[in-house]
Amino acid sequence: MTAFSLGTFGFPEVHADDRPIKLALRKGLALLVYLAEAKGAVARDVVATLLWPESPGETGRARLRRLLHRIEQTLGHAVFETDRSSVRWSPALELKVDTHLFEGACDRGDFEQGCQIYRSDFLAGFVLDDCPEFGEWAFFRREALRGRLMHALERLVQDKNAAGEHFAATAHAGRLVELDPLSEVYGRHLIRSLLLAGDRSAAERHHAALTERLRGELGVAPEAETEALMSPAAASHDVPATRYVKGAGVHLAYQTYGSGPLDILVMPGFVSHVERAWEHPASRTFLASLMKLGRLIVFDRRGIGLSDRVGSAPGIDVTAEDIGTVLRAANARRVVLFGASECGPACIKFAVDEQRLVAGLILFGALAKGCWSPDYPHALRASQYDAWRQHLVAQWGGPVGIETFAPSLAGDPQARAWWAGLLRAASSPGGISAVLEAFRDADVRHLLAQIAVPTLVLHRRGDQAVRIAAGRDMASRIKGAQFVELDGNDHWFFAGDQGPVLEAIRGFVGALGEGKSRT
């Protein structure tokens with residue numbers, strides 16, 4: 001069997017039995033990479049359109065036939081398996097692709113090997129000027145792989161520091177800072193690792209460099225948590241760690257904070273990152289306020305944030321099961337579920353299935369059905385939803401959507417940088433597209449009448465992401481639900497005026513405590 005090794009991290013190089021192959025056409029190299037990444041047969045028309053978008057169908061297919069023939073002439077033997085309609089790498093070849101090796105290492109938890117394989121970004125420096133479709137495909141693949149790298153590096157920083165290998169942790173943290181220099185979370189990873197390694201002078205240099213970047217590019221000062229790292233008391237400061245629990249073959253990242261008679265599980269929406277959630281002052285203030293009411297539990301859904309990446313979007317049933325996995329790992333007692341936006345349906349599902357564990361349910365800016373139907377006019381039509389999803393994906397990596405999700409923060413450079421960084425760390429364009437596509441088809445209206453726990457539904461009147469009519473409709477279907485209309489137009493619960501939101505939650509949670517004390 002002939003062995004082929006294909007390198008795609010950085011400018012790709014192709015080898016056959018350790019002998020360099022000289023390809024006359026860059027499109028030949030693009031074809032090899034695309035077919036290798038496809039892991040199966042691809043329609044000839046798809047490939048022809050990808051590489052010759054300006055050519056009529058028959059012309060593109062003819063050019064593809066000539067290119068396939070020329071590649072095999074160059075290689076000296078057949079490497080493709082073709083028929084009238086499709087083309088693929090020959091299954092008789094032993095094909096090794098660095099992206100597949102990288103993803104395989106990450107899948108089995110060998111993050112160190114994965115990070116060694118990832119030398120540079122996917123197809124870095126490789127451009128086909130007349131093939132925008134290929135460029136778009138390469139972009140999404142590059143972002144997905146880069147997201148997995150950042151996830152792997154964060155896991156390595158945590159694991160190495162936990163094992164006392166602080167110098168190794170600093171190397172991985174330094175790589176994170178190179179990937180996202182404006183992230184205070186990554187900056188703190190590096191500074192904290194250097195301090196643990198006993199290199200205070202290097203920690204001070206990196207703290208000064210981070211301060212200069214934040215002030216020079218964002219016009220903001222470092223956060224209090226960043227400054228506290230350099231104080232003499234920082235070494236004794238107990239920072240709650242991110243922990244992991246394995247459920248249904250996937251490791252879920254979670255954290256617990258504080259104590260109290262109730263547990264409060266917070267699920268913020270379609271993206272999350274258990275560490276970056278504390279990076280923005282308004283988000284941190286809101287979560288800290290909830291800690292006064294009970295023990296706070298936060299976690300990242302599978303495929304999102306610091307939890308394992310998965311090959312498919314987590315559905316409502318799977319997310320509800322993951323809620324149970326995290327609550328068991330945290331030894332939860334009576335829990336109040338706080339489900340915001342797209343996470344509302346999963347919390348509804350869990351409240352119905354595990355009523356004995358749930359003390360109460362809070363839904364913020366949520367909706368029971370992902371898109372419009374004749375009997376549900378409160379959401380976007382499927383075509384509108386898909387257009388919004390495609391816009392979000394196309395702009396991924398920047399502060400996309402902040403004008404809709406948080407109008408009150410849209411003009412704040414620090415908030416925009418935080419949101420953009422959270423998006424990059426939480427998912428990739430392709431990954432989040434699958435998540436949003438799955439939510440479009442979600443519908444939990446049939447479960448609302450089965451909710452038997454105290455329920456509070458909160459919604460801002462001017463919410464631009466989810467119409468308040470969706471909140472009214474949901475509350476009307478839940479027996480005994482309390483519905484509170486709030487002023488403002490922010491979709492994020494921590495944006496805008498937090499006071500009325502926290503006041504409603506305090507009253508609701510307080511009543512739950514009184515109810516228990518009377519029983």
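The chain is numbered in sequence order, starting from 1.
The closest donor-acceptor contact from the side chain of Thr74 to the backbone of Arg70 lies under 3.5 Å. For the pair Trp396 (side chain) and Leu423 (backbone), a donor-acceptor distance under 3.5 Å is present. A donor-acceptor contact shorter than 3.5 Å links the side chain of Trp419 to the backbone of Val400. Side chain of Arg416 to main chain of Ala410: a donor-acceptor pair is present (N/O by atom type, distance under 3.5 Å, no hydrogens or angles). With hydrogens and angles disregarded, a donor-acceptor distance shorter than 3.5 Å links the side chain of Ser307 to the backbone of Asp300. Within the 3.5 Å criterion, the main-chain N or O of Gly7 finds no donor-acceptor partner in the side chain of Asp98. The backbone N or O of Gly430 sits nowhere less than 3.5 Å from a side-chain atom of Glu143 that would complete a donor-acceptor pair. In this structure, the side chain of Arg424 engages the main chain of Gly397 through a donor-acceptor pair within 3.5 Å.
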N/O donor to acceptor pairs below 3.5 angstrom from side-chain atoms of residues 39-53, sequence neighbours left out:
{"residue": "Arg44", "atom": "NE", "partner": "Asp83", "partner atom": "O", "Å": "2.8"}
{"residue": "Arg44", "atom": "NH2", "partner": "Asp83", "partner atom": "O", "Å": "3.2"}
{"residue": "Asp45", "atom": "OD1", "partner": "Arg61", "partner atom": "NH1", "Å": "2.8"}
{"residue": "Thr49", "atom": "OG1", "partner": "Asp45", "partner atom": "O", "Å": "2.9"}

Could you tabulate the donor-acceptor pairs under 3.5 Å formed by side-chain atoms of residues 210-220, not counting sequence neighbours?
{"residue": "Thr211", "atom": "OG1", "partner": "His207", "partner atom": "O", "Å": "2.8"}
{"residue": "Arg213", "atom": "NE", "partner": "Pro181", "partner atom": "O", "Å": "2.9"}
{"residue": "Arg213", "atom": "NH2", "partner": "Pro181", "partner atom": "O", "Å": "3.3"}

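For Arg284 and Trp278, the positive end is not near the middle of the six-membered ring at less than 6.0 Å and at most 45° from its axis.
Looking only at atom types and distance, the side chain of Glu184 has a donor-acceptor partner in the side chain of Thr226 under 3.5 Å away. A side-chain donor from one of Arg276 and Ser183 sits under 3.5 Å from a side-chain acceptor of the other. Under 3.5 Å, the side chains of Gln113 and Arg108 contain a donor-acceptor pair of N or O atoms. Checking Thr242 against Gln255 by side-chain atom types alone, a donor-acceptor pair falls below 3.5 Å. Side-chain contact check for Ser341 and His491: at least one donor-acceptor pair (N or O, by modelled atom type) lies under 3.5 Å. Neither side chain, His172 nor Gln158, offers a donor N or O lying under 3.5 Å from an acceptor on the other. Residues Arg148 and Ser428 have side chains that never bring a donor and an acceptor to within less than 3.5 angstrom of each other.
Using cut-offs of 30° and 60° on the angle between ring planes, the pair Phe111 and His151 is perpendicular. The aromatic rings of Phe134 and Trp137 sit tilted relative to each other, their planes meeting at an angle between 30° and 60°. By the 30° and 60° cut-offs, the orientation of the rings of Phe405 relative to Phe270 is tilted. The aromatic rings of Trp418 and Trp492 stand perpendicular to each other, their planes meeting at an angle above 60°, with 30° marking the opposite boundary.
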Subject >> Intermediate values then yes/no, side chain to side chain contact (heavy atoms under 4.5 Å, CB included), Ser272 and Arg301 >> reply: CA-CA 8 Å; Ser272 67; Arg301 291 181 296 158; 5.8 Å; no

**OP:** Report the C-alpha distance between Glu37 and Arg88 in whole Å, list the side-chain angles of each, state the deciding distance to 0.1 Å, and finish with yes or no for salt bridge (Lys or Arg N to Asp or Glu O under 4.0 Å).
**Re:** CA-CA 10 Å; Glu37 289 292 319; Arg88 59 179 292 179; over 6 Å; no

Original post:
Given the rule in the salt bridge (Lys or Arg N to Asp or Glu O under 4.0 Å) test, do Glu103 and Arg141 qualify, once you have shown the distances and angles that lead to the verdict?
Top reply: CA-CA 12 Å; Glu103 291 180 310; Arg141 182 65 173 143; 3.0 Å; yes

**OP:** Check the pair Phe126 / Thr8 against side chain to side chain contact (heavy atoms under 4.5 Å, CB included), numbers first and verdict last.
**Re:** CA-CA 10 Å; Phe126 184 79; Thr8 64; over 6 Å; no

**OP:** Show your reasoning for whether side chain to side chain contact (heavy atoms under 4.5 Å, CB included) applies to Glu275 and Glu154.
**Re:** CA-CA 10 Å; Glu275 295 183 354; Glu154 285 196 276; 3.7 Å; yes

**OP:** Go through the steps to decide whether Lys160 and Glu112 satisfy the test salt bridge (Lys or Arg N to Asp or Glu O under 4.0 Å), and finish with yes or no.
**Re:** CA-CA 10 Å; Lys160 295 297 183 182; Glu112 194 147 20; 3.0 Å; yes

**OP:** Check the pair Arg26 / Asp129 against salt bridge (Lys or Arg N to Asp or Glu O under 4.0 Å), numbers first and verdict last.
**Re:** CA-CA 11 Å; Arg26 294 172 66 83; Asp129 293 331; over 6 Å; no

**OP:** Quick one: do Val79 and Ser90 satisfy side chain to side chain contact (heavy atoms under 4.5 Å, CB included)? Show the steps, please.
**Re:** CA-CA 5 Å; Val79 295; Ser90 171; 5.5 Å; no

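With rounding to the nearest 0.5 Å, the separation of CZ in Arg188 from CG in Leu176 is 13.0 Å. With values rounded to the nearest 0.5 angstrom, Glu342 atom CD is found 7.5 Å from Leu367 atom CG. Between the CG atom in Leu306 and the CZ atom in Arg243 there is a gap of 14.0 Å [rounded to 0.5 Å]. Here the CD-CG distance, from Gln73 to Leu68, works out to 12.0 Å after rounding to the nearest 0.5 Å. Taken from OG in Ser427 to CG in Leu422, the straight-line distance is 10.5 Å, to the nearest 0.5 Å. Interatomic distance, Ile304 CD1 to His273 NE2, rounded to the nearest 0.5 Å: 11.0 Å.
Looking at every heavy atom in both residues, Val466 comes nearest to Gly365 through CG2-O, 3.6 Å. Nearest heavy-atom pair across Leu179 and Arg146 is O-NH2, 3.1 Å. The minimum heavy-atom distance between Ala277 and Ser283, with the atom names listed, is O-OG, 2.6 Å. Among all heavy-atom pairs drawn from Gln414 and Ala221, the shortest one is NE2-O, 4.3 Å. In this structure, Cys371 and Lys369 approach most closely via the heavy-atom pair O-NZ, 3.0 Å. For the pair Cys347 and Gly339, the tightest heavy-atom approach, listed with the atom from each and the gap, is SG-CA, 3.7 Å.
Ring centroid separation for the pair Phe9 and Phe102 comes in under the 6.0 Å cut-off.
Comment: Asp121 does not engage Arg142 in a salt bridge, judged by the lack of any side-chain N to carboxylate O separation of less than 4.0 angstrom. A salt bridge does not link Lys349 to Glu321: none of the charged nitrogens lies less than 4.0 Å from a carboxylate oxygen. Salt-bridge formation is detected for the pair Arg440/Asp386: a Lys NZ or Arg NE/NH1/NH2 atom is positioned less than 4.0 Å from an Asp or Glu carboxylate oxygen.
Each of Asp199, Thr170, Asn161 was evaluated against Ser193; a single residue qualifies, Asn161, per the side-chain hydrogen bond (donor to acceptor under 3.5 Å, both in side chains) test.
Glu136 is linked by a side chain to side chain contact (heavy atoms under 4.5 Å, CB included) to Phe140, counting only residues two or more places apart in sequence or in another chain.
Counting only heavy atoms from C-beta outward, the side chains of Tyr186 and Met150 approach each other to under 4.5 Å. Residues Val33 and Leu31 fail the side-chain proximity criterion, which asks for heavy atoms closer than 4.5 Å. Residues Trp388 and Leu436 are in side-chain contact: their nearest non-hydrogen atoms beyond the backbone lie under 4.5 Å apart.
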